[in-house]
Amino acid sequence: MITEVLTANQLKKEAPVFGQLSFDNHEQVVFCQDKDTGLKAIIGVHNTILGPALGGTRMYDYKTEWDALNDVLRLSRGMTYKAAITGLNLGGGKAVIIGDPKKIKTPELMTRFGKFVHTLGGKYYTAEDVGMETSDMDIVREVTPYVTGISESKGGAGNPSPVTAYGVYMGMKAATKFACGNDTLEGKRILVQGIGHVGEELVRLTSEEGAKVIISDINEERLQEVSLKYGVDIYRGNDLYTETADIYAPCALGATVNDETINKLKVKVIAGAANNQLADENIHGPLLQSKGIVYAPDFLINAGGIINVYAEIEGYGRDQIIAKTQNIYDTTLDILNKAKATNVTTNAAALSIAEDRITTRKNEL
């Protein structure tokens with residue numbers, strides 16, 4: 001047990017939670033620890049005005065606990081806006097489990113995490129995210145009903161990744177139409193960074209349309225597998241961000257559009273599945289605008305996954321899931337046109353629409 005207590009001045013130097021931009025008026029942050037299973041998790045509930053918070057659980061070997069906290073805060077905030085702009089009666093939440101899923105994830109750990117989720121009494125619904133599988137959600141479902149994305153054999157909507165990828169694909173086509181005058185991806189050079197479940201499906205969709213797809217990932221085995229499966233090229237250069245292409249599709253972790261990369265980018269469109277692609281939306285959104293790069297807001301175009309898992313709560317079927325996800329195309333075009341007409345960034349235009357819906361609902365309560 002740690003007996004040393006930080007003084008107020010020492011705590012201030014450690015950057016208090018409430019003073020962080022990423023905290024952004026979160027309603028609740030829950031720290032979860034279980035010594036027996038090795039579980040260390042954080043659940044962030046950002047906003048529940050539109051409904052219960054829903055957001056996946058990410059398991060990742062963070063360098064520091066502060067990195068984990070910052071990630072869950074940014075992710076849960078993004079889920080609020082994702083649900084709002086998609087028209088779902090949901091709030092925003094997210095969870096992270098600290099650790100390498102290949103090393104410490106066990107059924108016992110997932111069960112214990114599910115029990116922590118259950119203590120929130122339905123204020124937060126969890127689902128699958130990076131480092132998680134549908135089978136993990138099935139384990140969580142054994143101890144709490146507040147989980148979505150469980151196996152179809154158990155009455156769930158199944159793996160949300162294909163629907164997430166389809167929504168990104170729709171948003172990418174809309175952004176391409178805005179930037180190039182038509183939405184065809186045939187012949188377009190697309191850099192896909194990160195080929196997990198969602199990234200691979202995006203590679204399939206774009207390559208089947210005739211795009212020239214180049215893939216990048218830290219996992220060499222996955223690169224070889226996906227390259228062979230879809231006949232796409234592997235990036236072998238020294239700096240992906242300096243590559244000339246039509247579209248950059250970040251599909252791994254966030255903040256890849258940052259101070260270091262933004263001036264290197266030589267693309268017309270950014271449209272990918274990763275959350276929080278802009279390291280600082282107030283700085284990097286305007287910089288992209290000044291460079292003439294069309295940015296499809298990530299929390300809009302990657303909303304297919306939440307549409308998919310929301311079906312379990314609302315009870316609608318596959319046809320409605322696909323129809324709602326296809327609508328991302330029209331919403332993306334509307335936001336890009338609004339941003340141009342009002343001379344604001346595309347991210348700001350999307351946030352404005354989402355915030356208006358939340359404010360309207362708040363005033364009704």
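Along the sequence shown, residues carry numbers from 1.
Shortest non-hydrogen contact noted between Arg77 and His46 is CA-CG, 3.7 Å. Shortest non-hydrogen contact noted between Thr126 and Val140 is CG2-CG1, 4.2 Å. Residue Ile270 comes nearest to Val267 through the heavy atom pair CG1-CG2, 4.2 Å, listed as atom of the first residue, atom of the second, then distance. The shortest non-hydrogen separation linking Glu312 to Ile150 is OE2-N, 3.3 Å. When all heavy atoms of Asn47 and Glu27 are compared, the closest pair comes out as CA-OE2, 3.3 Å. Between Gly44 and Ser76 the shortest heavy-atom distance is O-CB, 3.5 Å.
A 4.5 Å side-chain heavy-atom check between Ile104 and Leu39 finds every atom pair outside the cut-off. Within the 4.5 Å cutoff, the side chain of Leu73 has no heavy atoms near those of the Ile42 side chain. Taking the side chain as every heavy atom from C-beta outward, Leu185 and Tyr169 approach each other to under 4.5 Å. Counting only heavy atoms from C-beta outward, the side chains of Leu202 and Cys251 approach each other to under 4.5 Å. No side-chain heavy atom of Val163 sits less than 4.5 Å from a side-chain heavy atom of Ser161. For the pair Glu355 and Tyr81, the minimum side-chain heavy-atom distance is below 4.5 Å. Between Val269 and Val294 there is a side-chain heavy-atom pair separated by less than 4.5 Å.
For the 3.5 Å distance criterion, the side chains of Thr331 and Tyr329 fail to qualify, holding no donor opposite an acceptor. Under 3.5 Å, the side chains of Thr256 and Gln277 contain no donor-acceptor pair of N or O atoms. A donor-acceptor contact under 3.5 angstrom links the side chains of Asp34 and Thr37, judged on distance only.
Each salt bridge (charged side-chain N to carboxylate O under 4.0 Å, His left out) pair with one or both residues in residues 83-101, not counting sequence neighbours, appears once here: Lys94-Asp129. Pairs of residues two or more places apart, or lying in two chains, that qualify as salt bridge (charged side-chain N to carboxylate O under 4.0 Å, His left out) and include a residue from residues 224-252 are Arg189-Glu243, Glu200-Lys229, Lys212-Asp233, Glu220-Arg236, Arg222-Glu225, Asp239-Lys264, Asp246-Lys268.
With hydrogens and angles ignored, the 3.5 Å screen pairs no side-chain donor or acceptor of His118 with any backbone N or O of Gly114. Asp136 contributes a side-chain N or O that, together with a main-chain N or O of Glu133, makes up a donor-acceptor pair within less than 3.5 Å. Looking at Tyr125, its side chain never comes within 3.5 Å of a backbone N or O of Val309 through a donor-acceptor pair.
Residue Glu65 places its CD atom among 12 or fewer non-hydrogen atoms of other residues, nucleotides or ligands, all under 6.0 Å distant. Other residues, nucleotides and ligands contribute only 12 or fewer heavy atoms inside 6.0 Å of the CD atom of Glu260. When the shell of 6.0 Å around NZ of Lys291 is examined, it contains more than 12 heavy atoms from other residues, nucleotides or ligands.
Aromatic ring orientation, Tyr310 versus Tyr316: perpendicular (interplanar angle above 60°, classes split at 30° and 60°).
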*Can you check side-chain contact (heavy atoms from CB on, under 4.5 Å) on Arg357 and Ile353, steps first, answer last?*
CA-CA 7 Å; Arg357 182 167 181 249; Ile353 293 172; over 6 Å; no

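Partners of Tyr60 under the ring pair (Phe, Tyr, Trp, His ring centres under 6.0 Å) rule, at least two apart in sequence or in another chain, are Tyr62. Listed by chain and residue number, nothing satisfies the ring pair (Phe, Tyr, Trp, His ring centres under 6.0 Å) test with Tyr166 (two or more places apart in sequence, or in another chain). For Glu364, the salt bridge (charged side-chain N to carboxylate O under 4.0 Å, His left out) criterion is met by Arg361, not counting sequence neighbours.
Taking OG1 from Thr206 and CD1 from Ile190, the interatomic distance works out to 4.5 Å, rounded to the nearest 0.5 Å. Note that CG of Asn347 and CD of Glu281 are 5.0 Å apart. Values are rounded to the nearest 0.5 Å.
The cationic atom of Arg112 (NZ for Lys, CZ for Arg) lies less than 6.0 Å from the six-membered ring centre of Phe116 and within 45° of the ring axis.
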Distance-only donor-acceptor hits, side chain of residues 174-181, under 3.5 Å, sequence neighbours excluded:
unit_1, atom_1, unit_2, atom_2, d
Thr176, OG1, Met172, O, 2.7

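Between Arg58 and Asp71 there is a salt bridge, since at least one side-chain N of the basic residue sits less than 4.0 Å from a carboxylate O of the acidic one.
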